[in-house]
2 protein chains.
Amino acid sequence: MAQSDTVVRILDTAEALFAEKGFAETSLRTITGKAKVNLAAVNYHFGSKKALIQAVFARYLDPFCEQFNRELDRLEKQPGLTLEELLTVLATTTVSVPASKGSLSVFMRLLGLAYTQAQGHMRRYLQEHYGKTFFRFTNLLKQCTSELPDAERFWRIHFMLGAVVFTMSSLDALRDIAASDYDEKTRIRDLVARLLPVVTAAMNAPVPEQPPRLSEQVA
Amino acid sequence: MAQSDTVVRILDTAEALFAEKGFAETSLRTITGKAKVNLAAVNYHFGSKKALIQAVFARYLDPFCEQFNRELDRLEKQPGLTLEELLTVLATTTVSVPASKGSLSVFMRLLGLAYTQAQGHMRRYLQEHYGKTFFRFTNLLKQCTSELPDAERFWRIHFMLGAVVFTMSSLDALRDIAASDYDEKTRIRDLVARLLPVVTAAMNAPVPEQPPRLSEQVA
DNA sequence: TAATGTTTGAAACAGGCGTTTTATATGGAG
DNA sequence: CTCCATATAAAACGCCTGTTTCAAACATTA
């Protein structure tokens with residue numbers, strides 16, 4: 001067998017370690033040690049550590065975008081698309097696609113890391129490779145929330161993106177607290193279901209009359 | 001003058017660099033070089049890099065918590081406290097307190113970093129030092145949203161925490177986009193004002209009848 | 001002024017990092 | 001079988017990291 005399972009073993013191990021400790025905090029020696037492959041294998045198969053990080057993301061995002069683009073094809077033809085429908089499609093696609101590979105929570109954590117840390121190459125990579133799909137989505141979202149001023153919608157999208165990524169990315173820690181306090185075994189699907197009404201309500205929140213200024217509200 | 005401005009110079013520089021590049025990505029040599037102090041000064045004055053990171057946070061959080069605890073004293077005596085009032089107090093305290101020091105956006109970015117990366121010592125530190133204040137706040141929040149099941153409120157708190165921290169922490173990048181697309185010069189105060197109705201609506205979103213499960217919603 | 005405790009400065013330390021190199025296997029094609 | 005491209009292995013490279021050391025400078029108190 002040419003191209004043995006070395007590549008897959010590296011990807012699996014790197015993915016887990018990145019999610020657990022972050023990118024900079026995870027060394028190639030730790031990865032290759034745990035994956036039981038030679039240290040040089042990463043540079044041989046991927047070229048560099050940066051490229052390995054991108055490969056870890058691509059393994060998740062490529063199948064997701066493929067599927068999500070198909071859904072978008074359908075939705076773009078649908079005339080009376082509602083916000084709930086659009087968000088539900090996004091949620092179900094997110095939940096259903098990566099079931100074959102590792103867990104969704106791992107990927108969400110990676111996404112959160114990519115957003116906050118390593119703002120350089122990773123953000124550029126995500127923008128270049130998946131920006132078009134994101135643009136199609138926001139276009140539909142605009143259609144569903146036509147009463148919203150563009151700037152307001154822009155910020156709300158990022159509020160909700162934050163809610164999702166942030167919660168998911170610290171899911172493990174939060175799940176422990178929730179389990180001990182409310183003896184609830186929250187699976188990621190349950191969390192997505194909890195998010196849906198919240199995000200919908202947030203997007204539909206009343207818009208302040210004029211460019212808001214906090215000091216005026218208190219006076 | 002004993003205890004010259006070396007400590008302050010280190011804190012200022014470290015704060016800015018941490019916010020810009022992250023904790024692991026910022027070396028003591030970069031900090032001390034830019035601050036024009038000796039390399040050994042960090043270990044002399046703070047003990048270690050970890051302690052320096054915590055000191056950067058403490059400089060923001062200690063005054064904030066002091067002020068916020070005073071507000072909580074007042075609110076806990078107030079009988080008919082509403083969600084809007086509670087959130088407004090939180091928002092105004094957040095905005096008003098750190099005005100003397102560096103900018104609020106820097107601190108928000110630090111908070112986002114602390115939450116996602118360096119999950120070990122930093123999370124423990126924040127919990128130990130500021131957990132009590134956070135607990136007082138959540139207690140009032142429970143009082144304001146009494147119709148919400150505990151578990152639901154728990155998750156919604158973290159959704160909203162995510163929305164705030166996440167947006168603030170990537171504010172610089174987002175502000176550039178917003179400025180070019182909607183020629184809007186968003187200050188952090190405006191953003192907080194935008195957040196208020198969104199967070200309120202999100203907390204008040206309808207609660208699914210039973211422990212939600214996404215698959216059932218689609219079927 | 002002399003002595004003392006505190007702060008700086010310059011250099012070195014030990015160790016980890018990503019990456020490269022060189023050599024050795026491995027496995028299928030001519 | 002021989003050849004050749006591909007893959008693994010072990011070692012070394014140069015660099016950068018946080019931390020420590022020790023002497024010099026400083027400010028403070030007696």
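Reminder, nothing fancy here: chain letters follow the sequence lines and each chain counts from 1.
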Gap between atoms [atom1] and [atom2], on [X] and [N] respectively (whole Å):
X	N	atom1	atom2	answer
B:Phe23	D:dG18	CZ	C1'	17 Å
A:Ile10	C:dG18	CD1	P	13 Å
B:Lys36	C:dA10	NZ	C1'	19 Å
A:Leu52	C:dG18	CG	P	10 Å
B:Arg9	C:dG9	CZ	C1'	14 Å
A:Glu25	D:dG18	CD	P	12 Å
B:Leu39	C:dC13	CG	C1'	12 Å
A:His121	C:dG18	NE2	P	12 Å

With a cut-off of less than 4.0 Å, is there a side-chain N or O of [X] near OP1 or OP2 of [N]?
X	N	answer
B:Thr6	C:dT8	yes
A:His45	D:dT8	yes
A:Ser27	C:dG16	no

Given [options], identify the nucleotide with an atom nearest to the side chain of [X].
X	options	value
A:Lys49	D:dG18, C:dT19, D:dT8	C:dT19
B:Leu28	D:dT8, D:dG18, C:dA10	D:dG18
A:Ser48	C:dT8, C:dT19, D:dT19	C:dT19

query = Base, sugar-phosphate, or nothing for A:Ala41, non-hydrogen atoms under 4.0 angstrom?
reply =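 The answer is nothing, as A:Ala41 stays clear of every strand by at least 4.0 Å.
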inquiry  = Just to be sure I understand the rule, does B:Thr32 reach a base, reach only the sugar-phosphate, or reach nothing, if contact means heavy atoms closer than 4.0 Å?
reply    =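 The answer is nothing, as B:Thr32 stays clear of every strand by at least 4.0 Å.
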query = Is there side-chain contact between B:His129 and B:Gln54, with heavy atoms separated by less than 4.5 Å?
reply =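 Sidechains of B:Gln54 and B:His129: no contact.
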inquiry  = Parallel, tilted or perpendicular: which one describes the rings of A:Phe134 and A:Phe137, with boundaries at 30° and 60°?
reply    =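 Taking A:Phe137 first and then A:Phe134, their aromatic rings sit tilted (interplane angle of 30° to 60°).
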query = Using the ring of each side chain (for Trp, its six-membered ring), is B:Phe23 parallel, tilted or perpendicular to B:Phe57, with breaks at 30° and 60°?
reply =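 Ring orientation of B:Phe23 relative to B:Phe57: tilted.
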inquiry  = Using heavy-atom distances to pick each residue's nearest nucleotide on DNA chain D, tell me which of A:Asn38 and B:Asn43 is more 5'.
reply    =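 Result: A:Asn38.
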ask   = B:Leu141 pairs by side-chain contact (heavy atoms from CB on, under 4.5 Å) with which of B:Leu148, B:Leu90, B:Leu86?
value =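 Testing each of B:Leu148, B:Leu90, B:Leu86 against B:Leu141, the sole residue satisfying side-chain contact (heavy atoms from CB on, under 4.5 Å) is B:Leu86.
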task = Kindly give the heavy-atom pair with the smallest separation between B:Ala19 and B:Arg109, and that separation in Å.
result =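 B:Ala19 and B:Arg109 have their closest heavy atoms at O-NE, 2.5 Å.
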request  = Report yes if a donor N or O on one partner sits less than 3.5 Å from an acceptor N or O on the other, where the partners are the side chain of B:Arg29 and the base of D:dG18; otherwise report no.
outcome  =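 Counting by modelled atom types and ignoring angles, a donor-acceptor contact under 3.5 Å is found here.
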